[in-house]
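Below is one structure, written out as structure tokens; comments come after it.
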Amino acid sequence: MDPLIRSNPLLAGRIVNSSMAGGIVMFAIVTVVFVHTGVVKTNSESAPSLLLALGAVALFGIIAYPLLRRSMLGKLRARFEERSTSEIDPAELAPTFHTLTLIGAAMAEGFGLFGTVVLLITGQWAALAAPIIALIALAFLYPTERRLARFTTTITNPPWP
């Protein structure tokens with residue numbers, strides 16, 4: 001592992017998260033320009049089905065991510081309880097924290113990019129809400145020391161019995 005990453009375990013997650021956000025922004029800007037200027041011919045007939053699919057993707061993410069997160073936290077909590085020591089190093093939990101953050105970020109990015117594609121195909125400006133929502137989700141998922149500390153506290157002192 002790179003010494004810079006080892007000394008700052010959140011750096012890789014920050015780079016990935018920022019890159020995802022940048023990709024969404026760039027693709028959305030290009031799409032808006034293309035649709036607004038008429039460079040691409042849009043097909044509004046497919047809008048209802050594509051907007052419905054976009055809603056289904058959003059609903060899936062809203063349901064699946066918390067379930068996955070809770071499952072992973074439960075498994076980590078069980079491993080923590082098996083230990084003889086009560087201390088846990090946040091760096092030890094960083095890989096799982098990164099995995100959960102990356103999964104959530106990938107789901108948000110997929111939703112945002114799909115919304116941008118829907119706008120590109122249909123010309124329906126309502127689809128532009130998807131990349132905006134995705135960027136907000138990525139901002140909430142941005143790896144910080146505070147989020148890693150809260151994640152560690154959740155493992156060592158879970159809110160459930």
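These numbers were taken from a predicted model, which means no experiment stands behind them.
Under a 3.5 Å cut-off, the side chain of S18 and the backbone N or O of I15 do not form any donor-acceptor pair. In this structure, the side chain of Y65 does not engage the main chain of A105 through any donor-acceptor pair within 3.5 Å.
Here the CD1 atom belonging to I63 is positioned 4.0 Å from the CG atom belonging to L59, to the nearest 0.5 angstrom. Note: S46 OG to L51 CG = 9.0 Å, rounded to the nearest 0.5 Å. Rounding to the nearest 0.5 Å gives a distance of 9.5 Å between CG of L100 and OG of S71. To the nearest 0.5 Å, atom CZ of residue F111 and atom CZ of residue F60 are 13.5 Å apart. In this structure, CG on L120 lies 12.0 Å from CG on L113, to the nearest 0.5 angstrom. Rounded to the nearest 0.5 angstrom, T31 OG1 and I24 CD1 are separated by 12.0 Å.
By the 4.5 Å heavy-atom criterion applied to side chains, M20 and L102 are counted as neighbours. Between T122 and E45 the shortest side-chain heavy-atom distance does not fall below 4.5 Å. Side-chain contact between T154 and L73 is present, with heavy atoms from C-beta onward closer than 4.5 Å. No side-chain heavy atom of I155 sits under 4.5 Å from any side-chain heavy atom of R79.
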Which side-chain N or O atoms in residues 123-149 pair as donor and acceptor under 3.5 Å with protein atoms at least two apart or in another chain?
{"unit_1": "T144", "atom_1": "OG1", "unit_2": "R147", "atom_2": "N", "d": "3.1"}
{"unit_1": "E145", "atom_1": "OE1", "unit_2": "R14", "atom_2": "NH2", "d": "3.0"}
{"unit_1": "E145", "atom_1": "OE2", "unit_2": "R14", "atom_2": "NH2", "d": "3.2"}
{"unit_1": "R147", "atom_1": "NH1", "unit_2": "L141", "atom_2": "O", "d": "2.9"}

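Considering every non-hydrogen atom in both F114 and A53, the closest pair reads CE2-C, 3.8 Å. When every heavy atom of M107 is checked against every heavy atom of A64, the shortest pair comes out as CE-CB, 3.9 Å.
When the side-chain contact (heavy atoms from CB on, under 4.5 Å) test is applied to T37, the partners found at least two apart in sequence or on another chain are V33, V39. For F151, the ring pair (Phe, Tyr, Trp, His ring centres under 6.0 Å) partners two or more places apart in sequence, or in a different chain, are F97.
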